[in-house]
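First up is the structure itself, then whatever we jot down about it.
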Amino acid sequence: TIPAMPLSWRIQFPLLTNPNIVRAWLKAMAATCLLSLVIVIPVFIAIGEASAVPMLLVIFGAAVAGLALLGFAIMFLVLGNRSHARFTLSEKQVMYESIDTKARTLSRMAVLAGGFFGEPAGAGAGILSISNEAVSVAWKDVAKARYDDKNHTICLRNRYRELLHIYCDKKNYDQAAAVVKNMLASEKPEKKAPKRSKNKK
């Protein structure tokens with residue numbers, strides 16, 4: 001049976017021991033480094049300091065690597081290897097909300113510290129973390145789902161990439177999976193482009 005919607009629950013899921021989180025954090029750090037370099041390198045070239053670019057790459061790489069390790073340390077020491085979140089499945093979308101006050105505070109501190117000390121990588125990581133505190137994915141944008149029955153996790157994907165991981169517990173995993181399967185099945189007809197009728201001469 002399909003449970004009534006909206007279906008909402010709170011959950012604590014692991015961080016450092018979660019390959020999805022580790023992979024997402026490393027991708028975020030790489031994106032932050034790349035964005036910072038895209039902004040800074042043209043400035044160095046414009047002022048005639050192109051020869052300093054190789055050293056700049058080394059410095060930024062080291063800074064981002066250190067920031068990534070610091071993030072892992074914070075996940076373990078400060079957050080206790082747990083993230084507190086709320087998931088809501090409605091008829092239109094899936095909503096993820098971070099309700100971890102420690103994580104929200106750390107994100108804002110990273111932005112302030114990065115701006116104060118002139119560290120774009122740190123500020124960028126904080127801004128990225130803030131932007132991911134609330135994420136919604138419309139059912140119409142989901143092409144398929146991958147179900148991890150062992151870890152009670154559902155991964156929503158479009159045709160190209162992962163959109164969102166839905167973390168459940170033993171009690172509500174079957175209900176959440178039933179909702180996802182039902183919504184994706186109901187969305188399939190809308191994803192198919194209507195066939196054009198051939199005009200007879």
Could you list who else is in V38's hydrophobic cluster, with ILVMFWY side chains joined at under 4.5 Å, directly or through other members? L34

Residues passing the side-chain contact (heavy atoms from CB on, under 4.5 Å) test with A138, sequence neighbours excluded, are K140, D141

With sequence neighbours excluded, tell me which residues meet ring pair (Phe, Tyr, Trp, His ring centres under 6.0 Å) with H165. none

Can you list everything that forms a side-chain contact (heavy atoms from CB on, under 4.5 Å) with A145? Sequence neighbours excluded, please. Y147, I154, L156, V180, L184

Under the side-chain hydrogen bond (donor to acceptor under 3.5 Å, both in side chains) rule, collect the residues that match up with S90, sequence neighbours excluded. none

To the nearest 0.5 Å, atom CZ of F72 lies from atom CD1 of I21 at 10.5 Å

Restricting to side-chain hydrogen bond (donor to acceptor under 3.5 Å, both in side chains), what partner residues turn up for D174, sequence neighbours left out? none

Checking T88 now: which residues fulfil side-chain contact (heavy atoms from CB on, under 4.5 Å) with it, not counting sequence neighbours? P6, S8, R86, M95, E97

By side-chain contact (heavy atoms from CB on, under 4.5 Å) - contacts of I39 (at least two apart): L35

Report the residues that fulfil side-chain hydrogen bond (donor to acceptor under 3.5 Å, both in side chains) with D148, sequence neighbours left out, ordered by chain and then residue number. N151

By ring pair (Phe, Tyr, Trp, His ring centres under 6.0 Å) - contacts of F87 (at least two apart): W9, Y96

Side-chain contact test, heavy atoms from C-beta onward, threshold under 4.5 Å: evaluate it for V135 versus L163 and give yes or no. no

Pairs satisfying side chain to side chain donor-acceptor pair (under 3.5 Å), at least one member in residues 49-58, at least two apart: none

Any pair with a residue in residues 10-25 that passes salt bridge (Lys or Arg N to Asp or Glu O under 4.0 Å), sequence neighbours left out, goes on the list, sorted by first then second residue, please. R23-E162

